[in-house]
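Working notes, structure below.
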Amino acid sequence: MDFLFGYQIDSLDDPAILAANKSLDIGNPLFTVGGSLITVFPFLARVPAWVPGAISQKRAAEGRYWTHEMKRIPLEDVRRRMDEGRATPSLVSQLLEKKITVGIADEDEHIMNNVAFTTYGAASDTTISVTNTFFYAMSLHPEVQVKAQAEIDRVVGTHRLPEFTDRPSMPYIEAIYRELLRYGPPVPPGVMHTLAEDDYYREYFLPKGSQVFANIWAMTHDESVYKDPETFNPDRFITEDGELNDDDRVLAYGFGRRICVGKHVASSTMWITIVSILACFNIGKAKDEFGNEIEVNGKYDDDGLLVHKQPFKCSIVPRSELARKLIEEAALN
Ligand code: HEM
């Protein structure tokens, strides 16, 4: 929101975040085949919302309201701050600036507003889902952390935080990134595509206009490609010589011309998150008041499009005094 609108979020109760969550919670299930009969029988979309049983229309109307709010709140905020001369640079503020100085078409403004909102919707839940899977996987796999931290200490040392220039020298961290997106793709069924022309899949004829899903989950859990697919194992991406193998497809970003346009941002965000956290913290199982380890809840919530880890307890402690200082310095900067 900062990058898009210069909108500062101080709490999860922020009205823009509440509106975004409502919009996505209502909208995501409608997006999937099982989520609404309309996706199976498109003619049902013509049934008015007042008809008894037209649940999807009512949900769609509710979703439209929250989507409108999700766009209105940060947009009005950036306009107000520009009027008061205290807007920070952002995608939308730059466009509105341009509108005042050289003028832009209403259509362009409309597009930019929708791009900013779509980007938020597409970027937030996916990145958060992978981050939660990361904490989950680390709580269960101390041996992965030991290897990762040995690599970080060898390449970065212990007196600074990792930087993007370190990325090529860290095959094991790269393998963790790849394995996270293989093990827990945030959009397991992929996003529905519509065929632009007639096609065949094996002996099946698929007429133009058919809606198809490329099942990301099935591909990333295909036993013939990924042995023991339910196990979190970054080493599957490492060769015997300790180098990265050539499986750099990251299927979790989808396919074709509608492939995730944010995949490079996502890759950088996930990489710096993984490496910075592992540089500074040890993650493990939480303990109860008697010192016994609390089992980690392995379940995910699934709205038919996106999956999110259910809440679980874990322990997150600084690796050392030096790490604590690095964290404090980073927080102050
Ligand atoms: C780990 C993080 C992410 C994952 C796993 C992910 C995954 C996906 C997937 C599966 C699609 C649908 C692709 C298809 O139709 O085949 C998609 C679309 C999209 N993603 Fe991402 N995404 C992530 C992060 C982001 C970020 C950070 C941004 C923006 C900065 C973003 C922006 C978009 C947009 C705008 C689309 C729609 C593209 C279109 O329909 O043409 N995503 N993403």
Side-chain angles (χ1 to χ4, degrees), residues 1-7 9 17 20 23-24 27-33 35 39 67 70-71 74 90-92 110-137 164 167 173-196 199 201 206 210-221 232 234 247-277 300-309:
M1 295 292 263
D2 188 15
F3 153 74
L4 296 167
F5 298 96
Y7 186 89
I9 308 254
I17 295 299
S23 162
L24 294 171
N28 283 352
L30 294 176
F31 223 73
T32 64
V33 165
T39 53
T67 304
M70 175 183 173
K71 292 192 226 174
S90 68
L91 199 73
V92 173
H110 179 70
I111 290 172
M112 177 52 73
N113 187 17
N114 278 323
V115 165
F117 136 81
T118 311
T119 305
Y120 176 78
S124 58
D125 258 357
T126 44
T127 312
I128 291 167
S129 174
V130 184
T131 306
N132 286 340
T133 298
F134 166 69
F135 279 102
Y136 169 59
F164 285 112
R167 189 167 181 174
I173 301 292
E174 200 66 33
I176 294 180
Y177 159 73
R178 288 185 192 176
E179 178 66 347
L180 275 175
L181 285 154
R182 183 206 67 79
Y183 176 82
V187 192
V191 172
M192 203 192 295
H193 287 194
T194 302
L195 292 189
D199 202 356
Y201 176 70
L206 304 170
S210 302
Q211 292 176 330
V212 293
F213 284 91
N215 188 338
I216 292 174
W217 179 266
M219 290 182 230
T220 59
H221 289 73
F232 183 83
D247 183 359
D248 58 358
R249 292 168 290 185
V250 193
L251 302 162
Y253 292 122
F255 315 89
R257 69 189 168 103
R258 302 304 294 269
I259 194 170
C260 175
V261 285
K263 67 183 184 144
H264 299 296
V265 177
S267 168
S268 299
T269 308
M270 285 320 309
W271 184 83
I272 202 75
T273 303
I274 295 167
V275 75
S276 306
I277 291 172
Y300 277 77
D301 285 326
D302 182 349
D303 67 12
L305 185 70
L306 271 150
V307 290
H308 275 295
K309 247 334 272 98

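Order of listing sets the numbers, starting from 1, for every ligand and every atom in it.
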Please confirm whether Ala252 comes under 4.0 Å of ligand 1, counting heavy atoms of the residue only. yes
Please list, in number order, the atoms of ligand 1 under 4.0 Å from a heavy atom of [X].
{"X": "Val191", "answer": "12 (C), 15 (O)"}
{"X": "Val130", "answer": "1 (C)"}
{"X": "His193", "answer": "14 (C), 15 (O), 16 (O)"}
{"X": "Val261", "answer": "33 (C), 34 (C), 35 (C)"}
{"X": "Phe255", "answer": "16 (O)"}
{"X": "Thr119", "answer": "29 (C), 30 (C)"}
{"X": "Pro186", "answer": "5 (C)"}
{"X": "Gly254", "answer": "10 (C), 13 (C), 16 (O)"}

Right, does atom 37 (C) of ligand 1 have protein non-hydrogen atoms nearer than 4.0 Å? no
When you measure from [atom] to every protein heavy atom, which one gives the shortest distance, and what is it?
{"atom": "atom 32 (C) of ligand 1", "answer": "Ala122 CB, 3.5 Å"}
{"atom": "atom 9 (C) of ligand 1", "answer": "Tyr253 O, 3.7 Å"}
{"atom": "atom 23 (C) of ligand 1", "answer": "Thr126 OG1, 3.4 Å"}
{"atom": "atom 27 (C) of ligand 1", "answer": "Ala123 CB, 3.5 Å"}
{"atom": "atom 40 (O) of ligand 1", "answer": "Arg258 NH2, 2.8 Å"}

What are the two closest heavy atoms between [X] and [Y], and how far apart are they?
{"X": "Pro74", "Y": "Met1", "result": "CG-CE, 3.9 Å"}
{"X": "Leu24", "Y": "Ser124", "result": "CD1-OG, 4.3 Å"}
{"X": "Asp302", "Y": "Leu305", "result": "OD1-N, 4.1 Å"}
{"X": "Arg182", "Y": "Thr220", "result": "NH1-O, 2.8 Å"}

Using atom types as modelled and distance alone, determine if a side-chain donor or acceptor of Thr119 lies under 3.5 Å from a backbone N or O of Val115. yes
Any donor-acceptor N/O pair, Thr126 side chain to Ala123 backbone, under 3.5 Å: yes
Pick from Ala266, Ser129, Cys260: the one approaching atom 20 (N) of ligand 1 most closely through a non-hydrogen atom: Cys260
Side-chain contact test, heavy atoms from C-beta onward, threshold under 4.5 Å: evaluate it for Tyr120 versus Met70 and give yes or no. yes
Does the plane of the ring in Phe232 sit parallel, tilted or perpendicular to the ring in Tyr183? Use 30° and 60° as the thresholds. perpendicular
Please check if any side-chain donor atom of Asn132 sits under 3.5 Å from a side-chain acceptor atom of His308, or the reverse. no
If only side-chain N and O atoms count, and only distance matters, is there a donor-acceptor pair under 3.5 Å linking Tyr7 with Ser90? no
